[in-house]
Amino acid sequence: MKLGHVILLLLCFYLSFCEDNFRKRGKSKAVKKSEAHHAPEASLSKETEASSEVKPTSTQDTSQKDFVDKKCLTEKHTHLSCNKVFCQPWQKCIDGTCLCKLPYQCPKNGTRVCSTNGKSYSTYCQQKSFECYRPEAKFLKSGACTGGGQFSVSLSNGKQDSEGIVAVKLADLDTKMFVCGDSWSITEANVACIDRGFQLGALDTHRRDPDPNSAECLHVRCRGLETSLAECTFTKGVHNSEGLAGVVCYTESAAPPKKDSFQCVNGKRIPQKKACDGVNDCVDKSDELCCKDCRGEGFLCKSGVCIPKQYKCNGELDCITGEDEVGCEETGHPEIKEAAEMLTADMDAERKFTKSFLPKLSCGVKNNMHIRRKRVVGGKPAKMGEFPWQMAIKEGDKIHCGGIYIGGCWILTAAHCVRISRMHRYQIWTSFTDWLRPGFQTVVHSVNRIIIHENYNGTTYQNDIALIEMKKRPNEKECVLSKSIPACVPWSPYLFQPNDKCIVSGWGREKDNQKVYSLRWGEVHLINNCSEFYPGRYFEKEMQCAGTDDGSIDACKGDSGGPLVCQDVNNVTYVWGVVSWGENCGKSEFPGVYTKVANYFDWISQHVGRSLISQHNI
Ligand code: 4AZ
């Protein structure tokens, strides 16, 4: 990692809220539920609160099932871990971490906003990108700066500075107003505390009986990763059935005891029962990123992330694996817009609007949907167009290896398939299945450049990955592969999981070493704990095993360098593996071993350019 990246990372981390991913609706419900255990409070007392909140939690939870994946916790994921979550539109994902974009990298569309530094920015994204570098320049209000009032949050009636009833002064209003308790949850409380300078957010929320003299209050709704309450949406409160919003901000002295509490990556401790409930209690989201299952109000993404149930089918992708937006009814989202009078702009809507202008990549989607005929070792013959990313590397008159088209002029293959000294002998054959009878669509390219992974080890087969750049034809600016479609390059090792079904394809040998002249494919599943099969030879981070229980379907000699592809919930195809090695072919005790492509996303993007393979937030 470059020094600049490290500095930016530290800067973002210090801020610990460059991002936002939480909308508050799910939140208020979840919190209400937990608060139902409490007796209504007339005054704010840190001591009583800490005891009523923490004790039942710890005793209750030790007997309960384990929601948290402990091994994953050691990876210390936060809201900036783009292997687990999407980055904000003002961030980009580099080496698994969301880093600040430069303001000019933001989409141009959007409305003007004013920052606390007195400057106006042409879009919210630009302001947030600027803030990402200069945390003191926070969002003030929507629209140009008018030299008007400031925004402030104050806490009153508390025993100390870190607690009290919440009052806000909006930039466009002259008076301070209380916040209503009925829209108040830990999500908003965290943001309010951050605004007051408590970087770890809130310990807890409180409601206080309405003061008879001040029945008016403001409703506020945050998503959870705002850096100021000014970014949340304020509406005029009409009903104030739940009292006023109060908060106890997190301080080390008020924290729950170490024992039986969940330790967030940022150092905050939260009650164990609040981990994996879909609610970002930690502020850095680390309580929701390593989950085996989610508690009541949470929805589990395949990547082990809990999101609020309300995010399912809300029209925005929250799970990196996409399953929160599948099987949703086409028309309308279950988002009930309240008729309440808006006092500030909806910056969450503006954030979503910005997202819709981010560049989108086209990969992994076949344009002609062939119906796969029912019916590699044990595989089935492929039909034309079924594997539009499959390439053949020919040396002399033999198909020597497979390859995978990933866009532009670039082919991914195995390092052990290619030698730079033989570059001029290779030919890349595209859009064909039967090499005895190549079709009229078949395009043959020669090789311009070969890049072999610098840490490829021909003895252990570690880093068995290489890139081939095809030569452009004279007078052509780009490689023309009319019938080929790139497979998507996976950017996170959490996109697919053990037991997911994937497809291997190639012109490799059949059982009994029979020669194969037409492309064949077979379905295999991803296998974990592969060290059991290959003790001392399997490197989990870099390799992926796949096979079938009886070993009947497998890659074999000649399939090397070819694709192991997996489809996500939206039927988008990713190249999850490159055929690399294995003991024999088609033996259940020796599954096929593939180079785990997700581990090489950054290596690939360094060579082919980020924009060619980045699907989200370039
Ligand atoms: C090979 O020799 C080879 N069964 C490729 C894959 C496997 C075995 C051998 C996996 O290229």
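Remember, it's 1-based here, ligands and their atoms both numbered in the order they're listed.
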the protein heavy atom lying closest to atom 1 (C) of ligand 1 turns out to be K557 CA, 3.5 Å
Kindly give the heavy-atom pair with the smallest separation between I307 and C319, and that separation in Å. CD1-SG, 4.0 Å
Atoms of ligand 1, numbered as shown, that sit under 4.0 Å from any heavy atom of S560: 1 (C), 5 (C), 11 (O)
Identify whether NZ of Lys or CZ of Arg in K394 sits under 6.0 Å from the centre of the six-membered ring of W429 and within 45° of that ring's axis. yes
Ligand 1 to W581, heavy atom cutoff 4.0 Å, flagged ligand atoms 7 (C), 10 (C)
Atom 7 (C) of ligand 1: which protein heavy atom is closest, and how many Å away? A555 O, 3.6 Å
Quick check on contacts: which atoms of ligand 1 are under 4.0 angstrom from a heavy atom of D554? 4 (N), 10 (C)
Would you kindly say whether the two SG atoms, from C545 and from C530, are closer than 2.5 Å? yes
Please enumerate all residues that pass ring-ring contact (aromatic ring centres under 6.0 Å, His included) together with Y538, with sequence neighbours excluded. none
If you measure from each heavy atom of V593 to ligand 1, is any distance below 4.0 Å? no
Numbering the atoms of ligand 1 from 1, which are under 4.0 Å from a heavy atom of C556? 3 (C), 5 (C)
Hey, is N584 touching ligand 1 through its side chain, its backbone, both or neither, going by heavy atoms under 4.0 Å? backbone
Sequence neighbours left out, what pairs pass side-chain hydrogen bond (donor to acceptor under 3.5 Å, both in side chains) with at least one residue falling in residues 587-598? none
Can a cation-pi geometry be assigned to K274 and F262, taking NZ or CZ under 6.0 Å from the six-membered ring centre and within 45° of the ring axis? no
